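Read through the structure below, which is laid out as structure tokens, and then see the notes.
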Amino acid sequence: QVHLVESGGGLVQAGGSLRLSCAASGRTFGIYHLGWFRQAPGKEREFVGHIRWSVGSTYYADSVKGRFTISRDNAENTVNLQMNSLKPEDTAVYYCATTVDGSAKYVYWGQGTQVTVSS
């Protein structure tokens, strides 16, 4: 089992930046991808991007490409989501999640952290 804890959410003005972190523990050797998702009130959960745990390659949704960056701190088993040029439409609860053992299904989820971007 993998345990995930997000941190770093908060309130920021449009155009500002925030960095979210996702600390992974437990069976981290089995992690294949660590992904970031978000869910705004009344909307479906949206994929933001992911990092391949073992090699560090990343992939982003078009809505955040060029503004958000995912990186991994290998020593700390932590993945960061650097969010720049934030827009009010980025307001959501952000979650990290992992796939394991080569699967494409995200099975372990963190509790989420709120990001609010004011206009």
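On a predicted model such as this, the values are computed, not experimentally measured, just so you know.
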Give the C-alpha distance, both sets of side-chain angles, the deciding distance and a yes or no for ring pair (Phe, Tyr, Trp, His ring centres under 6.0 Å) between Y95 and F37.
CA-CA 5 Å; Y95 301 89; F37 295 79; 8.5 Å; no
Return all side-chain donor-acceptor pairs below 3.5 angstrom for residues 55-63, not counting sequence neighbours, or 'none' if the list is empty.
| from | atom 1 | to | atom 2 | distance (Å) |
| --- | --- | --- | --- | --- |
| Y60 | OH | I70 | N | 2.7 |
| D62 | OD1 | K65 | NZ | 3.1 |
| S63 | OG | E46 | OE2 | 3.2 |

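- Two residues are said to be in side-chain contact when any heavy atoms from C-beta on lie closer than 4.5 Å; W36 and L81 meet this criterion.
- R67 is listed as a side-chain neighbour of K87, based on a closest heavy-atom distance under 4.5 Å.
- Sorted by first and then second residue, the pairs that involve residues 9-32 and meet salt bridge (Lys or Arg N to Asp or Glu O under 4.0 Å), not counting sequence neighbours, are R27-D101.
- Looking only at side-chain heavy atoms (C-beta outward), D90 and R38 come within less than 4.5 Å of each other.
- Side chains of L34 and C22 form a contact here, defined as non-hydrogen atoms less than 4.5 Å apart.
- Annotation: salt bridge (Lys or Arg N to Asp or Glu O under 4.0 Å) contacts involving residues 2-15, sequence neighbours excluded, are absent.
- Applying the salt bridge (Lys or Arg N to Asp or Glu O under 4.0 Å) test to pairs two or more places apart or on separate chains, none has a residue in residues 107-119.
- Seen from the ring of W109, R45 counts as a face-on cation partner, given the 6.0 Å and 45° thresholds.
- Under the 3.5 Å distance criterion, with hydrogens and angles disregarded, no donor-acceptor pair is assigned to the side chains of N80 and Q82.
- Listed by chain and residue number, L18, L20, M83, Y94, V117 satisfy the side chain to side chain contact (heavy atoms under 4.5 Å, CB included) test with V115 (two or more places apart in sequence, or in another chain).
- Taking 4.5 Å as the limit, every side-chain heavy atom of V93 sits out of range of all side-chain heavy atoms of T113.
- Side-chain contact between Y106 and F47: present, with at least one pair of heavy atoms (C-beta onward) separated by less than 4.5 Å.
- Applying the salt bridge (Lys or Arg N to Asp or Glu O under 4.0 Å) rule to pairs touching residues 73-86 yields nothing, sequence neighbours excluded.
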